There are 2 protein chains.
Amino acid sequence: MASNPSYKERKVITIGVVSELTGLTERQIRYYEERKLIFPERSAKGNRKYSFMDVEQLIEIANKREEGVQTYEIRQEMLKDKRKDEKKHRRELLRGEINARFGIQKE
Amino acid sequence: MASNPSYKERKVITIGVVSELTGLTERQIRYYEERKLIFPERSAKGNRKYSFMDVEQLIEIANKREEGVQTYEIRQEMLKDKRKDEKKHRRELLRGEINARFGIQKE
DNA sequence: CGTGTAAGGAATTCTGACACG
DNA sequence: CGTGTAAGGAATTCTGACACG
């Protein structure tokens, strides 16, 4: 049911504000991007822009870093979660297609 | 049911991004603030920060301005709507209190 | 009234690099 | 590896003002 707005995903927050929101330094935020943990968009002039989801992701990263988890390991976990989500998504797509062709089934 | 996050209301967007999002110039956005149509927060260093709600409000303002409505009139409409919302809110608060004391009533 | 613009300054952001450990 | 910092430049934002209509 998510539609166009989707405030949580829109990339509109500058790095300075993200820094305030997360407590991380700009250096750290840029480094986590370098390590492919976070993927900001860029404005026309090249400034990074983040979403609220990115901010939450960064807070999780900060927590794991405090526990001593390295960026590489965090990345592996993220990739694993992503594969799991995609699998779930494929199952849902398939179910939707079946329902569309053969009608809604109970269970 | 709205809780702490409330992405729509958090003031995190800088004026440059708001300008991109609304198509308004920074001059216009600042002027509408001067006319009390919009109320950004300020960062520690004094930079304006807007919410997604502010962005939507600005788009509405832009539409009305295109129709030739003056900022003063837009403000009057806003104040009228606000009073209406507050009235509604008071009614809901009262109902909640009644329910809390005398139990949930049907209708 | 609503908006453009030039002005000057302060703060922001960017990149690439050196440092430490 | 993860983060701090100084460096230099480019872009951002701010305010107060003059302009036009």
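Chain naming here is simple, since letters A, B, ... match the order of the sequence lines and numbering starts at 1 in each. Here the structure is a predicted model, which is why all the values come from computation and not from measurement.
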Who passes side-chain contact (heavy atoms from CB on, under 4.5 Å) against A:R83, sequence neighbours left out? A:L79, A:K80
Does a side-chain N or O from A:R48 land closer than 4.0 Å to OP1 or OP2 of C:dT13, or not? no
Using ring pair (Phe, Tyr, Trp, His ring centres under 6.0 Å) as the criterion, list what pairs up with B:F52, not counting sequence neighbours. A:Y7
Distance check: side-chain N/O of B:Y31 vs OP1/OP2 of C:dG2, anything under 4.0 Å? yes
Is any NZ, NE, NH1 or NH2 atom of the basic residue among A:E92 and A:K87 found under 4.0 Å from an Asp or Glu carboxylate oxygen of the other? no
Any ring-ring contact (aromatic ring centres under 6.0 Å, His included) involving residues 54-98 of chain A? Give me the pairs, sequence neighbours left out, ordered by first then second residue. none
If you measure from the Lys or Arg side-chain nitrogens to the Asp or Glu carboxylate oxygens, is any gap between A:R10 and A:E41 under 4.0 Å? no
Does a side-chain heavy-atom distance below 4.5 Å link A:R48 with A:R42? yes
Short heteroatom pairs, N/O only, protein and nucleotides 4-7 of chain C, under 3.5 Å:
{"residue": "C:dG4", "atom": "OP2", "partner": "B:T25", "partner atom": "OG1", "Å": "2.8"}
{"residue": "C:dG4", "atom": "N7", "partner": "B:R27", "partner atom": "NE", "Å": "3.2"}
{"residue": "C:dG4", "atom": "O6", "partner": "B:R27", "partner atom": "NH2", "Å": "3.1"}
{"residue": "C:dT5", "atom": "O4", "partner": "B:R27", "partner atom": "NE", "Å": "3.3"}

Who pairs with A:E26 by salt bridge (Lys or Arg N to Asp or Glu O under 4.0 Å), at least two apart in sequence or on another chain? A:R30
Applying salt bridge (Lys or Arg N to Asp or Glu O under 4.0 Å), can you list everything that pairs with A:K45, at least two apart in sequence or on another chain? none
Hey, is A:K64 close enough to A:E77 for a salt bridge, meaning N to O under 4.0 Å? yes
Interatomic distance, B:I61 atom CD1 to B:D54 atom CG [nearest 0.5 angstrom]: 9.0 Å
Taking side-chain contact (heavy atoms from CB on, under 4.5 Å) as the test, write out the residues that go with A:F39, two or more places apart. A:K36
Pairing residues for A:R101 by the salt bridge (Lys or Arg N to Asp or Glu O under 4.0 Å) criterion, not counting sequence neighbours: A:E97
Sub-4.0 Å heavy-atom contacts from residues 32-47 of chain A onto DNA chain D, ordered by number: A:Y32, A:R35, A:K45
Considering only heavy atoms, which members of residues 61-77 of chain B lie under 4.0 Å from some atom of DNA chain D? none
Residues in salt bridge (Lys or Arg N to Asp or Glu O under 4.0 Å) with B:R91, at least two apart? none
Is the shortest side-chain N/O distance from B:T14 to OP1 or OP2 of D:dT13 below 4.0 Å? yes
Listed range with range, the stems formed with DNA chain D by at least 3 consecutive Watson-Crick or G-U pairs (under 3.5 Å) are C:2-5 with D:17-20, C:17-20 with D:2-5
